[in-house]
Amino acid sequence: MKYLKNNLLVLTDDDPDDCEFFLDTIETINVEIPIRIFHGGDQLMEYLTNKNSKLPDIIFLDLNMPVKNGFECLKEIRSNERLKNICTIIFSTSYNSSDIALSYKLGANAYIQKPFNREEMQNILKNTLNTDWSDPCSALEKHNFVLHA
């Protein structure tokens, strides 16, 4: 967690059970960092585009949300000068190759298929939070873009 400079994580997901599972898992790995939850892409973008909002170190972004989906958010984040360097990780139940390819093309830092058990979730979150996403050498290529527990 030493690479988290702004001390803020964001999870954007419209599924309350997935949000609760994420938060519970973060607690079990003793991450003491504030987490903001948005239940839709529209809420996320409203927050991020407010000049007074604290920008997160990492955005975990679900793809399938009503009103504004993860792809739309990712496009907006990468096209906004203030936001474009925020580590944005797709965090989805989908393991569809076209979703993965589009996420990569749009500039996501990584793609995580939501794990179904706590141990996998703990491993993937620990690894993700211990990566220096601001280091160009840690940039993922297409062959290692999908992160696994």
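- Formation of a donor-acceptor pair under 3.5 Å by the Ser53 side chain with backbone atoms of Thr49 is not found in this model.
- Here the shortest heavy-atom pairing between Ser92 and Asp62 reads CA-OD1, 3.8 Å.
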What verdict does the side chain to side chain contact (heavy atoms under 4.5 Å, CB included) test give for Ile26 and Leu125, after you've listed the backbone C-alpha separation in whole Å, the side-chain angles of each residue and the deciding distance to 0.1 Å? CA-CA 8 Å; Ile26 287 283; Leu125 288 176; 3.9 Å; yes
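- For the residue pair Thr28 / Arg118, no side-chain donor-acceptor distance below 3.5 Å is found, with atom types taken as modelled.
- Atom-to-atom distance recorded for Asp17:CG and Glu20:CD is 6.5 Å, nearest 0.5 angstrom.
- Shown here are the side-chain hydrogen bond (donor to acceptor under 3.5 Å, both in side chains) partners of Arg78, two or more places apart in sequence or in another chain: Asn109.
- Within the 4.5 Å cutoff, no side-chain heavy atoms of Gln113 are placed close to those of Ser94.
- At most 12 non-hydrogen atoms from other residues, nucleotides or ligands lie less than 6.0 angstrom from NZ of Lys105.
- When side chains are defined from C-beta on, Asp14 does not count as touching Cys19, because their heavy atoms never get closer than 4.5 Å.
- Inspection of the Ser98 and Asn96 side chains reveals an N or O donor paired with an N or O acceptor under 3.5 Å.
- Residue Thr93 holds its OG1 atom at 6.0 Å from CG of Asn64, rounded to the nearest 0.5 Å.
- Transitive grouping of hydrophobic side chains (ILVMFWY, heavy atoms separated by less than 4.5 Å) brings Leu106 and Tyr95 into a common cluster.
- Atom CG of Leu9 sits about 5.5 Å away from atom CG of Leu129, to the nearest 0.5 Å.
- Between Ile59 and Leu48 the shortest side-chain heavy-atom distance falls below 4.5 Å.
- For Asp99, the salt bridge (charged side-chain N to carboxylate O under 4.0 Å, His left out) test picks out no residue, with sequence neighbours left out.
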Yes or no on side chain to side chain contact (heavy atoms under 4.5 Å, CB included) for Ile89 and Leu61, after CA distance, side-chain angles and deciding distance? CA-CA 6 Å; Ile89 298 174; Leu61 182 61; over 6 Å; no
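- Rounding to the nearest 0.5 Å places CD1 of Ile124 at 4.5 Å from CD1 of Ile112.
- Side chain of Asp57 to main chain of Asn7: a donor-acceptor pair is present (N/O by atom type, distance under 3.5 Å, no hydrogens or angles).
- Val67 and Tyr47 fall into different hydrophobic clusters, where Ile, Leu, Val, Met, Phe, Trp and Tyr side chains are chained together by heavy-atom contacts under 4.5 Å.
- A donor-acceptor pair under 3.5 Å is absent between the side-chain atoms of Asn80 and the main chain of Glu76, judged by distance alone.
- Proximity of Thr88 to Leu74: side-chain heavy atoms (C-beta onward) are separated by under 4.5 Å at one or more points.
- For the pair Ile35 and Leu8, the minimum side-chain heavy-atom distance is 4.5 Å or more.
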Below 3.5 Å, can you tabulate the donor-acceptor pairs from side chains in residues 38-46 to any protein atom, sequence neighbours excluded?
from: His39; atom 1: ND1; to: Asp13; atom 2: O; distance (Å): 3.4
from: Gln43; atom 1: OE1; to: His39; atom 2: N; distance (Å): 2.9

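- Applying the salt bridge (charged side-chain N to carboxylate O under 4.0 Å, His left out) criterion to Lys84, with sequence neighbours excluded, gives Glu81.
- With sequence neighbours excluded, the residues satisfying ring pair (Phe, Tyr, Trp, His ring centres under 6.0 Å) with Phe22 are Phe60, Phe91.
- Residues meeting the side-chain hydrogen bond (donor to acceptor under 3.5 Å, both in side chains) test with Asn69, sequence neighbours left out: none.
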What's the verdict on side chain to side chain contact (heavy atoms under 4.5 Å, CB included) for Ile86 and Val10, showing C-alpha distance, side-chain angles and the deciding distance? CA-CA 11 Å; Ile86 297 173; Val10 163; over 6 Å; no
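- Between Leu63 and Ile90 there is a side-chain heavy-atom pair separated by less than 4.5 Å.
- When side chains are defined from C-beta on, Asp24 does not count as touching Met121, because their heavy atoms never get closer than 4.5 Å.
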